[in-house]
**Student:** 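Structure incoming, see below.
Keep in mind the model is a prediction, meaning the values are calculated, not measured.
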Amino acid sequence: MGVGIELTSYYATDLLGVFLMGMLLLSRAWRIPTRRVESKLVLAMMLAALAGCILDALAWMADGQPGALNRAAVYATNTGLFLLNIVIGPCFVTLIARHIHEKLSPWRRKAINALCAAGVLLLIVNLFVPVVFSVDENNVYHREGFFWIFIAVEGVLMIYGLMIYVLARMRGRLLRFFPAWLFILPEALAMVIQSFLYGVSLLWTCTGISLCGMIVCLQKESVYLDKLTGVYNRFYLDDISELLRRRRRGQFAAMMLDMNGFKEINDRFSHAEGDAALIAVADILTDTVQSSGIVVRFAGDEFIVVLDQPYEGVIDEYRRRIFAGIDAYNASSCKPYRLAAAIGGQVFDAARDDITDFLSTIDHQMYEDKKNYYKTHDRRERRER
């Protein structure tokens with residue numbers, strides 16, 4: 001009776017995870033149109049959690065049951081579970097880096113890939129020599145010494161993802177909607193409990209719970225995203241103004257960019273090309289700013305950049321970077337027009353300057369830059385290559 005109750009509790013736990021992931025998949029809650037890569041990473045983690053819950057239940061069903069088929073099932077399901085462990089960690093690190101626009105260096109990517117490859121190699125070896133897990137003559141699963149390597153690798157990747165997030169926060173990054181700990185906490189608790197209390201099955205259901213929390217945060221953030229370009233919309237400025245005031249260092253740098261000749265792109269080349277130009281400018285700004293601030297589509301073809309570290313010369317430096325990005329785009333895009341922009345910017349003190357003050361200031365500076373631009377460019381000139 002005790003064994004039956006125990007198995008029923010395992011199946012119930014895994015079934016809960018299946019229901020959670022199934023509902024999220026059917027509702028397409030994981031999908032954020034303006035964040036396609038992040039959506040795909042969340043989907044991959046959801047599918048891994050769903051497969052993990054199913055394989056975990058099948059593993060318990062076959063464990064200790066006689067026959068060659070059950071023996072093969074114990075090997076296959078547990079090998080699959082270890083492989084799925086390899087999926088979650090890299091997806092989590094990549095998701096965090098992508099979300100806060102923090103680029104992973106080539107050597108870090110290679111290190112992550114090497115860890116994953118080592119895990120796969122160990123599982124291949126385990127098919128011939130039981131180094132990760134073994135199955136005895138009664139078809140009962142047992143952990144072996146290299147089992148802990150998989151726990152350690154996943155733990156290292158989780159901690160590394162958390163470090164990326166924490167260091168970005170320490171640099172002043174304005175992160176409001178993606179608390180990395182929300183995913184790590186249930187996952188970490190499940191890993192510790194399941195590692196030291198053999199026979200407890202929580203990992204994949206807790207992974208599903210973690211993903212639910214992550215998706216709620218991402219969907220909450222999507223309210224503040226511009227649906228065309230994927231950068232933040234103007235409502236986010238009101239939201240972060242209070243955050244800026246509460247920071248220990250109240251200073252920040254703000255820039256306003258307005259596209260020169262945008263009306264002509266719409267009139268001569270269609271509104272679809274106008275949308276493509278807006279997306280291109282948003283991408284240039286995002287690639288330029290990366291994790292040093294945020295990009296906001298303020299209105300029409302106007303964008304605002306808020307930089308977290310207002311050191312001396314920051315406005316001039318980022319003006320040069322943005323114009324370099326625009327020049328690189330024009331050189332490679334093969335579009336029948338060229339992008340151009342006017343930029344104004346200044347360093348502000350959130351404790352002294354409210355949002356109206358800094359918007360008015362950078363708007364004035366931007367229009368001064370635009371006037372200087374049109375002193376040497378005809379407003380009606382054809383912006384063709």
**Student:** So how far is it from R28 CZ to L43 CG, rounded to the nearest 0.5 Å?
**Tutor:** 9.0 Å

**Student:** Got a salt bridge between E273 and K335, using NZ or NE/NH1/NH2 to carboxylate O under 4.0 Å?
**Tutor:** yes

**Student:** If only atom types and distance count, is the side chain of T207 paired as donor or acceptor with the main-chain N or O of A49 below 3.5 Å?
**Tutor:** no

**Student:** Please tell me if the side chains of D136 and V140 come closer than 4.5 Å, counting only heavy atoms from C-beta onward.
**Tutor:** yes

**Student:** For a 4.5 angstrom cut-off between non-hydrogen side-chain atoms, does I32 reach L225?
**Tutor:** yes

**Student:** CD1 of I294 to CG of L285: how many Å apart, nearest 0.5 Å?
**Tutor:** 12.0 Å

**Student:** Is the CZ atom of F146 crowded by more than 12 outside heavy atoms at less than 6.0 Å?
**Tutor:** no

**Student:** May I ask whether M45 and V156 are part of the same hydrophobic cluster, defined by side-chain heavy atoms of I, L, V, M, F, W, Y residues being less than 4.5 angstrom apart, directly or through others?
**Tutor:** no

**Student:** Over all heavy atoms of both residues, which pair between A280 and L339 is shortest? Give the atoms and the distance, please.
**Tutor:** CB-CD1, 4.0 Å

**Student:** Measure the CG-CG distance between L47 and L211 for me, rounded to the nearest 0.5 Å.
**Tutor:** 10.0 Å

**Student:** Give a yes or no on whether V216 and W30 share a hydrophobic cluster (residues Ile, Leu, Val, Met, Phe, Trp, Tyr; joining criterion: side-chain heavy atoms under 4.5 Å apart).
**Tutor:** no

**Student:** What I'd like to find out is whether the side chain of V132 reaches to under 4.5 Å of the side chain of T79, using heavy atoms alone.
**Tutor:** no

**Student:** With no hydrogens and no angle check, is any side-chain donor or acceptor of N139 less than 3.5 Å from a backbone partner on Q65?
**Tutor:** yes

**Student:** Report the distance from atom CG of D363 to atom CG of D258, rounding to the nearest 0.5 Å.
**Tutor:** 8.5 Å

**Student:** Is there a donor-acceptor pair closer than 3.5 Å between any side-chain N or O of N78 and the backbone N or O of V74?
**Tutor:** yes

**Student:** Among residues two or more places apart or on two chains, list those pairs meeting salt bridge (Lys or Arg N to Asp or Glu O under 4.0 Å) that have a residue in residues 276-297.
**Tutor:** D226-R297

**Student:** Which label fits F269 and Y337: parallel for a plane angle under 30°, tilted from 30 to 60°, or perpendicular past 60°?
**Tutor:** tilted

**Student:** Could you please spell out the steps behind the side-chain contact (heavy atoms from CB on, under 4.5 Å) verdict for S222 and Q219?
**Tutor:** CA-CA 5 Å; S222 70; Q219 288 295 343; 3.6 Å; yes

**Student:** Do you know which two heavy atoms are closest between L278 and F303, and how far apart they sit?
**Tutor:** O-CZ, 3.8 Å

**Student:** Do T288 and I284 touch side chain to side chain, with heavy atoms closer than 4.5 Å?
**Tutor:** yes

**Student:** Between CG of L41 and CZ of F92, what distance do you get to the nearest 0.5 Å?
**Tutor:** 12.0 Å

**Student:** My understanding is that only residues two or more places apart in sequence, or in another chain, count here; which of them pass salt bridge (Lys or Arg N to Asp or Glu O under 4.0 Å) with E38?
**Tutor:** R35

**Student:** Between Q365 and G345 (side chain of the first, backbone of the second, donor and acceptor by atom type, cut-off under 3.5 Å), is there such a pair?
**Tutor:** yes

**Student:** Rounded to the nearest 0.5 Å, what separation is found between the CG atom of L50 and the CZ atom of F19?
**Tutor:** 11.5 Å

**Student:** So I315 and Q346, do their side chains get closer than 4.5 Å, heavy atoms only?
**Tutor:** no

**Student:** When you check the gap from the basic side-chain N to the acidic O, do R320 and E317 get nearer than 4.0 Å?
**Tutor:** no

**Student:** Establish whether I54 and L69 are linked, either directly or via other cluster members, by ILVMFWY side-chain heavy-atom contacts under 4.5 Å.
**Tutor:** no

**Student:** Can you see which heavy atom on E302 is nearest to which on M366, and at what distance?
**Tutor:** OE2-CE, 3.8 Å

**Student:** Show the nearest heavy-atom pair for residues A48 and I88, with the distance to one decimal.
**Tutor:** CB-CD1, 3.9 Å

**Student:** Is any side-chain heavy atom of F150 less than 4.5 Å from a side-chain heavy atom of I86?
**Tutor:** yes

**Student:** Spell out, yes or no, whether V120 and Y75 are grouped together once hydrophobic residues are joined by side-chain heavy atoms under 4.5 Å, including indirect joins.
**Tutor:** yes

**Student:** Is the CZ atom of R321 crowded by more than 12 outside heavy atoms at less than 6.0 Å?
**Tutor:** yes

**Student:** List the steps and the verdict of side-chain contact (heavy atoms from CB on, under 4.5 Å) for M214 and L95.
**Tutor:** CA-CA 11 Å; M214 179 187 294; L95 177 63; 3.2 Å; yes

**Student:** Evaluate the criterion side-chain contact (heavy atoms from CB on, under 4.5 Å) for residue pair V231 and T286; output intermediate values, then yes/no.
**Tutor:** CA-CA 8 Å; V231 299; T286 300; 3.6 Å; yes

**Student:** Determine whether N85 and L203 make a side-chain contact, defined as any pair of heavy atoms from C-beta on separated by less than 4.5 Å.
**Tutor:** yes

**Student:** Using a 3.5 Å distance criterion without hydrogens, assess whether the side chain of N138 forms a donor-acceptor pair with backbone atoms of G64.
**Tutor:** no

**Student:** Counting N and O atoms only, with roles assigned by atom type, does the side chain of K110 sit under 3.5 Å from a partner on the main chain of S105, one being a donor and the other an acceptor?
**Tutor:** no

**Student:** Do the rings of F133 and F82 sit parallel, tilted or perpendicular, given the 30° and 60° boundaries?
**Tutor:** parallel

**Student:** Among V93, V153, T94, exactly one meets side chain to side chain contact (heavy atoms under 4.5 Å, CB included) together with I112. Which residue is that?
**Tutor:** V93

**Student:** Please assess M21 against C212 for the test side-chain contact (heavy atoms from CB on, under 4.5 Å), listing each intermediate value before the final yes or no.
**Tutor:** CA-CA 8 Å; M21 294 301 95; C212 288; 4.3 Å; yes

**Student:** Can you name the nearest heavy-atom pair linking L20 to G208, along with the distance?
**Tutor:** CD1-C, 4.5 Å

**Student:** Is there a path from V87 to V18 through hydrophobic residues (I, L, V, M, F, W, Y) whose side chains come within less than 4.5 Å of each other?
**Tutor:** no

**Student:** Would a 4.5 Å heavy-atom cut-off, applied to side chains only, mark V223 and F235 as touching?
**Tutor:** no

**Student:** Please check: side-chain N/O of D63 versus main-chain N/O of Y141, any donor-acceptor pairing under 3.5 Å?
**Tutor:** yes

**Student:** Which atom pair, heavy atoms only, marks the closest approach of D369 to A342?
**Tutor:** OD2-CA, 3.2 Å

**Student:** With no hydrogens and no angle check, is any side-chain donor or acceptor of R234 less than 3.5 Å from a backbone partner on A299?
**Tutor:** no

